[in-house]
K.L.:
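This is the structure I have questions about; it appears just below.
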Amino acid sequence: MEFVSHLTTASGDLLLTIPSALIILMSREWFCARMAGDKEFRATTEFSLISFASLSLTGIAPGGLIRESIVPLLRFLHSQLWLLILLAMGIIYVLLKSPEMNSFSARFSAVFLQQTWALFIINFIPLPPFDAATTYFAPYMQWRFFSIFIDTLAILALVIFLYDFWRIDFLTGAFLTRWLGIA
């Protein structure tokens, strides 16, 4: 019976984390494409499944924006700006609505804010597969081997992010949810 209880609890968490991760990652890709003037952008074809899985399962993820683009630094800055906009919108929502502690609204807001904050902070690491690496490795992005290397590192990051022992409140955004009184 304990297994069923644990399974129900874990799947209940996914009902919060999956929509939150989809909103964050897909809107971020859309914003970057709009700001870069990419009229041929398709959110579903250029969507990083590894980043989505990592953000859904661990709350932290490499951004998944490493790919051949015209101005990688500008795309990185646009993506970070969008995460700040999402963070501000989430904080304003919580401050205006003041959801009760264990309500769906409070729990979804907490997950959304933590995922957004973690994605914003983690992607300043200037190593592949994190987004800041696009500015350093832009000349190599057209190589097929480099693409496979990035995917391998992203899967490794997913496995590493599954362990809780190294996480701190600043990295996960837990300080935001405590400050807002929703977790």
K.L.:
Give me the ring orientation class for F124 and F120: parallel if the planes are under 30° apart, tilted from 30 to 60°, perpendicular past 60°.
P.N.:
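The rings of F124 and F120 stand perpendicular, inter-plane angle above 60°.
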
K.L.:
For salt bridge (Lys or Arg N to Asp or Glu O under 4.0 Å), just list the numbers for E29 and R75, CA-CA rounded to whole Å, side-chain angles, deciding distance to a tenth of an Å, and then say yes or no.
P.N.:
CA-CA 9 Å; E29 293 290 325; R75 189 169 174 87; 3.1 Å; yes

K.L.:
Could you measure the distance from the CG atom of N123 to the OG atom of S79? Nearest 0.5 Å is fine.
P.N.:
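The distance works out to 6.5 Å.
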
K.L.:
If you round to the nearest 0.5 Å, how far is CZ of R107 from CG of D13?
P.N.:
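The CZ atom of R107 is 8.0 Å from CG of D13, to the nearest 0.5 Å.
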
K.L.:
I need the minimum non-hydrogen distance between A133 and P128, along with the two atoms involved.
P.N.:
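Where A133 meets P128 most closely, the heavy atoms are CB-N, 3.4 Å.
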
K.L.:
Between F108 and S20, is there a side-chain heavy-atom distance shorter than 4.5 Å?
P.N.:
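They are in side-chain contact.
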
K.L.:
Return all side-chain donor-acceptor pairs below 3.5 angstrom for residues 171-183, not counting sequence neighbours, or 'none' if the list is empty.
P.N.:
unit_1 : atom_1 : unit_2 : atom_2 : d
T172   : OG1    : I168   : O      : 3.3
T177   : OG1    : A174   : O      : 2.9
R178   : NH1    : D169   : OD2    : 3.0
R178   : NH2    : D169   : OD2    : 2.7

K.L.:
Quick one, L83 and L87 - any side-chain contact, counting heavy atoms below 4.5 Å?
P.N.:
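Counting from C-beta outward, L83 and L87 never come under 4.5 Å.
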
K.L.:
Are L25 and S48 close enough that some pair of their side-chain heavy atoms sits under 4.5 Å apart?
P.N.:
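Heavy-atom side-chain distance check fails, nothing below 4.5 Å.
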
K.L.:
In the structure I gave you, are the side-chain heavy atoms of L119 and I24 within less than 4.5 Å of one another anywhere?
P.N.:
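They are in side-chain contact.
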
K.L.:
Is there a donor in the side chain of Y163 and an acceptor in the side chain of T58, or the other way round, less than 3.5 Å apart?
P.N.:
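Distance-only check fails for Y163 and T58.
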
K.L.:
Extract all donor-acceptor atom pairs below 3.5 Å that involve side chains of residues 149-162 and protein atoms in other chains or at least two apart in sequence.
P.N.:
unit_1 : atom_1 : unit_2 : atom_2 : d
T152   : OG1    : I148   : O      : 2.9

K.L.:
How long is the straight-line distance from OG1 of T17 back to CG of L14, given to the nearest 0.5 Å?
P.N.:
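The OG1 atom of T17 is 4.5 Å from CG of L14, to the nearest 0.5 Å.
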
